[in-house]
Amino acid sequence: MLFRFLAVRGATPMERVVRSLAMVGVIILVIWAFWLNNQRVVARLNLEKSFWDETGQMDESGREFAREFVEALDKEMGRTAYVHVRLGEAVIPKGLDDEDLYLAVSPARQEVALHLPADLDRPEDQALADYLVREHFKGNWDHWQRGLKTGLVMLWEHLAGDAPVASKHVMDDTGLLDQDQVLALDRFGADLADTYGQQLLVRLAPDPDLPEGLDPVTLYIGLWPEDGSVVLRLPPMLEKALGPDVEPELAAILGTALESGEWFGGLQTALDRIWTELDGKERTW
């Protein structure tokens with residue numbers, strides 16, 4: 001029966017060939033349309049998963065944290081959010097509503113995609129988005145689950161109106177710094193760049209090692225107050241200007257401050273020591 005159905009009739013051999021090709025074309029077109037529709041259905045189903053870990057790598061606490069973020073955003077702010085961990089590219093999916101929040105990370109490709117709701121169109125909104133996409137996970141992909149959690153916290157606080165400051169001089173993976181402290185460090189970093197052409201990067205993290213690809217003009221201070229870890233790197237220009245004795249002195253200042261629990265005061269003291277040595281006078285915070 002099937003073969004009789006597929007049999008092509010024609011008055012001449014050429015007509016049978018043309019009809020056969022036409023039938024093959026129709027079959028291919030039907031298969032392609034079916035595949036395309038199936039892809040759209042799959043994409044829509046995946047999008048309907050508010051939290052989706054395609055990699056299977058997230059631990060239970062991470063999955064629970066992401067689900068609670070999505071649920072709380074819906075219940076308390078009336079916003080729809082999606083958090084996806086992808087095997088392939090991190091991209092904004094088709095079919096997303098303008099008012100949706102979408103965050104995707106791809107640990108394998110070290111990519112981040114973020115779609116903010118349409119009403120978040122202020123410069124500070126874009127600054128946070130740029131930071132999360134370009135800087136937040138940079139050099140820290142070995143601990144991307146922790147980065148995802150802190151990124152969700154930043155988004156929550158921003159949407160709640162208690163937004164953390166998106167900073168080019170501070171990477172706080174701990175949430176220990178308040179906005180005034182971040183702004184104070186940003187002002188110091190801006191002064192250092194404007195006056196001496198050197199950059200500042202202060203990082204608070206459980207593993208405050210030097211980030212990969214750190215610019216050679218960047219003064220790096222990495223701290224972990226919980227165990228007193230200090231990582232300090234002076235760029236060549238500052239190392240030459242300050243002399244060989246200053247770096248051990250700075251490390252000692254930071255170490256003592258971490259032991260006493262007054263780590264931010266110690267950080268300010270260390271930065272003051274650098275500024276005074278360079279400028280010849282104290283700097284006002």
Side-chain angles (χ1 to χ4, degrees), residues 110 130-131 134-144 146-147 150 154 164-285:
Q110 298 190 1
D130 289 343
Y131 168 76
R134 299 176 185 175
E135 301 294 335
H136 185 65
F137 291 87
K138 190 176 181 180
N140 199 33
W141 280 103
D142 288 343
H143 306 285
W144 63 267
R146 184 174 64 235
T150 55
M154 293 180 73
V165 179
S167 169
K168 64 181 294 186
H169 301 291
V170 179
M171 295 175 63
D172 182 10
D173 296 348
T174 66
L176 292 174
L177 289 170
D178 61 37
Q179 293 192 37
D180 289 339
Q181 292 170 331
V182 173
L183 288 171
L185 294 172
D186 264 343
R187 286 193 294 270
F188 184 95
D191 290 346
L192 190 67
D194 292 342
T195 308
Y196 298 104
Q198 304 294 288
Q199 298 296 324
L200 170 69
L201 179 58
V202 175
R203 182 182 180 195
L204 271 67
D207 301 300
D209 295 334
L210 286 172
E212 296 179 7
L214 192 65
D215 195 300
V217 300
T218 298
L219 163 63
Y220 178 78
I221 302 175
L223 304 173
W224 178 228
E226 294 297 322
D227 66 4
S229 298
V230 177
V231 178
L232 175 65
R233 193 207 71 171
L234 296 177
M237 180 270 188
L238 289 184
E239 195 171 26
K240 184 176 181 180
L242 299 174
D245 297 331
V246 172
E247 187 168 349
E249 179 185 342
L250 296 174
I253 291 172
L254 293 168
T256 301
L258 286 169
E259 289 179 7
S260 68
E262 300 293 331
W263 58 270
F264 187 75
L267 178 57
Q268 287 183 300
T269 300
L271 293 174
D272 281 337
R273 178 72 177 86
I274 292 172
W275 189 269
T276 302
E277 193 71 25
L278 292 172
D279 200 52
K281 57 185 179 182
E282 292 185 1
R283 177 184 175 280
T284 303
W285 281 87

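Positions are given from 1 along the sequence. Source: prediction; values computed, not measured. Quick note: numbers below take in every heavy atom, side chains included, and nothing from hydrogens, waters or symmetry partners.
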Interatomic distance, [X] atom [atom1] to [Y] atom [atom2] [nearest 0.5 angstrom]:
X      : Y      : atom1 : atom2 : answer
Phe188 : Arg283 : CZ    : CZ    : 6.0 Å
Leu200 : Ile221 : CG    : CD1   : 6.0 Å
Phe264 : Thr269 : CZ    : OG1   : 10.0 Å
Asp191 : Gln198 : CG    : CD    : 14.0 Å

Under a plain distance cut-off of 3.5 Å, with no hydrogens placed, do Tyr196 and Asp279 share a side-chain donor-acceptor pair? yes
With side chains defined as the heavy atoms from C-beta onward, is the minimum distance between His169 and Gln199 less than 4.5 Å?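 A side-chain contact exists here, since the closest heavy-atom pair is under 4.5 Å.
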Are the side chains of Leu242 and Leu278 in contact, using a 4.5 Å heavy-atom criterion?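 Leu278 vs Leu242: side chains touch.
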Ionic contact status for Asp173 with Arg203, cut-off 4.0 Å: yes
Does Lys168 pair with Asp186 as a salt bridge, N-O distance under 4.0 Å?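 Between Asp186 and Lys168 there is no salt bridge, as every charged N stays at least 4.0 Å from the carboxylate O atoms.
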Would you please test Leu192 and Leu271 for side chain to side chain contact (heavy atoms under 4.5 Å, CB included) and show each step? CA-CA 10 Å; Leu192 190 67; Leu271 293 174; over 6 Å; no
Do Leu204 and Val202 pass the side chain to side chain contact (heavy atoms under 4.5 Å, CB included) test, and can you show the C-alpha distance, the side-chain angles, and the key distance before you say yes or no? CA-CA 7 Å; Leu204 271 67; Val202 175; 4.0 Å; yes
Shortest non-hydrogen pair, Lys138 vs Met171, comes out as O-CE, 4.1 Å
Provide the closest heavy-atom pair for Gln181 versus Leu177 in the form atom of the first, atom of the second, distance.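 Smallest heavy-atom distance, with atoms named: OE1-CA, 3.3 Å.
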Can you tell me if Asp207 uses its side chain to pair, donor with acceptor, with the backbone of Asp209 under 3.5 Å?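 Pair absent, no side-chain N/O of Asp207 close to backbone of Asp209.
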When you measure from the side chain of Asp172 to the backbone of Leu176, do you find a donor-acceptor pair of N or O atoms at a distance under 3.5 Å? yes
When the side chains of residues 222-236 are checked against the rest of the protein, which donor-acceptor pairs come out under 3.5 Å, sequence neighbours left out?
{"from": "Asp227", "atom 1": "OD1", "to": "Ser229", "atom 2": "N", "distance (Å)": "3.0"}
{"from": "Asp227", "atom 1": "OD1", "to": "Ser229", "atom 2": "OG", "distance (Å)": "2.6"}
{"from": "Asp227", "atom 1": "OD2", "to": "Ser229", "atom 2": "OG", "distance (Å)": "3.2"}
{"from": "Arg233", "atom 1": "NH2", "to": "Asp215", "atom 2": "O", "distance (Å)": "2.8"}
{"from": "Arg233", "atom 1": "NH2", "to": "Thr218", "atom 2": "O", "distance (Å)": "2.7"}

Which pairs would a plain distance check flag for residues 247-261, meaning a side-chain donor or acceptor within less than 3.5 Å of a matching protein atom at least two apart in sequence or in another chain?
{"from": "Glu249", "atom 1": "OE1", "to": "Arg273", "atom 2": "NE", "distance (Å)": "3.4"}
{"from": "Glu249", "atom 1": "OE1", "to": "Arg273", "atom 2": "NH2", "distance (Å)": "3.2"}
{"from": "Glu249", "atom 1": "OE2", "to": "Arg273", "atom 2": "NE", "distance (Å)": "2.7"}
{"from": "Thr256", "atom 1": "OG1", "to": "Ala252", "atom 2": "O", "distance (Å)": "2.9"}
{"from": "Ser260", "atom 1": "OG", "to": "Thr256", "atom 2": "O", "distance (Å)": "3.4"}
{"from": "Ser260", "atom 1": "OG", "to": "Ala257", "atom 2": "O", "distance (Å)": "2.9"}
{"from": "Ser260", "atom 1": "OG", "to": "Glu262", "atom 2": "N", "distance (Å)": "3.3"}

